[in-house]
Protein chains: 2
Amino acid sequence: MDDIDRTLIGLLMEDATQSYATLGKAVGLSGGAAHERVRKLRERGVIRRTTIEVDQAALGRTVSAYVLVDGGSWMGDSADLLAAIPAVEEAHVIAGPASLLLKVRTSSTKELQDVLRQVFEVHGVTGTQTVVVLETFFERTLK
Amino acid sequence: MDDIDRTLIGLLMEDATQSYATLGKAVGLSGGAAHERVRKLRERGVIRRTTIEVDQAALGRTVSAYVLVDGGSWMGDSADLLAAIPAVEEAHVIAGPASLLLKVRTSSTKELQDVLRQVFEVHGVTGTQTVVVLETFFERTLK
DNA sequence: GATGAAATATTCCTACC
DNA sequence: GGTAGGAATATTTCATC
């Protein structure tokens, strides 16, 4: 994991459709060598997968919210139960004012309400506090 | 934007290295037709770009935190000032207990402290409240 | 909009350094 | 680890429906 690997990762994050020949040129290697490095980064799990970035608003998901969850036991199957709610994008155990923090994305505030109801059904949850996003300045992936 | 488009988006989110022939077969179209649909989704901005998903921990970013910012004017150049801090992954204007919510990812708590110092330098910021992530159950992209 | 096929480009082996 | 070359595949364009 050297600077060349890090540069390759940065280039692929910007545009994963580039050819290995182009990538190689950018880091001073042959296409084959660049290909081999990327293959190993994938193999080692540094690169998890190649994916597309989708405009969530274009898919109708216009409501974003963060939900602080009180009392949810962070053991057992909480993670699975939360993962089973399709609108929950992230779930973290936190140090601070609550046990869990969720990021939720829905197509309406009504659907958000449904999600909160489902969260309440997770064992041990005693309360939620919801922070609704009014405007997103940016959501980016770090290099 | 029909069900076929939505299926194509879902398939590409899972694996954007699939050939158009494979994608076409999965939705009952020829490779050329699948290609044309994906091209239009890109053109219309529904698909923003093709990128890689990176294991942040493998890059040394092991500390994640959410920062509630009080008093930050959400007008003017706040967005630009926050975007200039490389560790800030997301910045949202929120309705609730604070003006802004940031997601921050750093390689140490010391670096997190530096970031908080930089946030304080943004015009109008009167206070911050930081929620440190202890464990991430999941971070996924919604279909 | 979709198809099928031709032209072009990329990926992915293999052999070698 | 890297290079180089070539066979196998994929992308992209285009005429046609």
Side-chain angles (χ1 to χ4, degrees), chain A residues 1-62 86 105 107 139-143, chain B residues 1-62 86 105 107 139-143:
Chain A
M1 185 61 172
D2 58 9
D3 276 342
I4 292 181
D5 283 343
R6 269 180 284 271
T7 306
L8 287 171
I9 288 171
L11 290 168
L12 285 172
M13 280 173 65
E14 275 169 29
D15 178 9
T17 66
Q18 292 173 89
S19 73
Y20 290 115
T22 306
L23 289 170
K25 211 168 286 174
V27 297
L29 289 179
S30 71
H35 183 231
E36 179 63 7
R37 277 178 177 260
V38 173
R39 194 192 61 73
K40 282 183 184 158
L41 286 169
R42 283 185 210 277
E43 192 180 67
R44 281 158 46 205
V46 178
I47 296 175
R48 288 224 184 88
R49 58 176 174 170
T50 303
T51 184
I52 53 170
E53 205 178 283
V54 174
D55 181 351
Q56 293 292 333
L59 291 181
R61 295 190 184 272
T62 51
R105 237 192 258 265
S107 52
E139 277 177 307
R140 62 187 177 187
T141 43
L142 299 182
K143 254 185 283 189
Chain B
M1 186 60 170
D2 57 10
D3 276 341
I4 292 181
D5 282 343
R6 268 180 284 270
T7 306
L8 286 172
I9 288 171
L11 290 168
L12 285 171
M13 280 173 64
E14 275 168 28
D15 179 9
T17 66
Q18 291 172 90
S19 74
Y20 291 114
T22 307
L23 289 170
K25 211 167 288 176
V27 297
L29 289 180
S30 71
H35 182 235
E36 178 64 8
R37 277 178 176 261
V38 173
R39 194 192 62 72
K40 282 181 184 157
L41 286 168
R42 282 185 210 278
E43 191 180 68
R44 282 158 45 205
V46 178
I47 296 176
R48 289 223 182 90
R49 59 176 173 170
T50 303
T51 185
I52 53 170
E53 205 177 283
V54 174
D55 181 352
Q56 294 292 334
L59 291 180
R61 295 189 184 272
T62 52
R105 237 192 258 265
S107 51
E139 277 177 309
R140 61 186 177 187
T141 42
L142 299 182
K143 257 183 285 188

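Letters go in sequence order (proteins before strands), and every chain restarts at 1. Just so it is clear, the model here is predicted, and its values are computed rather than measured.
The side chain of K40(B) lies closest to dG1(C), out of dC12(C), dT3(C), dG1(C). Nearest to the side-chain atoms of L29(B) among the listed nucleotides dT3(C), dT11(D), dT3(D) stands dT3(C). In the set dT3(D), dT11(D), dT3(C), the nucleotide with an atom closest to the side chain of S30(B) is dT3(C). Comparing atom distances between the S19(B) side chain and each of dG2(D), dA10(D), dG1(C) picks out dA10(D) as nearest. Comparing dT12(D), dA2(C), dT11(C) by their nearest atom to the side chain of Y20(B) picks out dT12(D).
Taking atom CG of residue D15(A) and atom P of nucleotide dT10(C), one finds them 12 Å apart after rounding to whole Å. In this entry the distance linking CD of E36(B) with P of dT16(D) reads 18 Å, nearest Å. Protein atom CD of Q18(B) is 16 Å distant from nucleotide atom P of dT11(C), rounded to whole Å. dT12(D) atom P lies 9 Å from atom CZ of R42(B), rounded to whole Å. Distance R37(A) CZ to dT11(C) C1': 19 Å, rounded to the nearest Å. Whole-Å rounding puts the E43(A) CD to dG1(D) P distance at 13 Å.
At distances below 3.5 Å, not a single donor-acceptor pair connects side-chain atoms of T22(A) with backbone N or O atoms of Q18(A).
For the pair R105(A) and E139(A), the salt-bridge criterion is met [side-chain N within less than 4.0 Å of a carboxylate O]. R61(B) and D55(B) are not joined by a salt bridge, as no carboxylate oxygen comes within less than 4.0 angstrom of a charged side-chain nitrogen.
For dT11(C), neither phosphate oxygen OP1 nor OP2 lies less than 4.0 angstrom from any side-chain nitrogen or oxygen of H35(A). Proximity of R39(B) to the phosphate of dT11(D): no side-chain N or O atom is located under 4.0 Å from OP1 or OP2.
A donor and an acceptor atom, one from each side chain of T50(A) and R42(A), are located under 3.5 Å apart.
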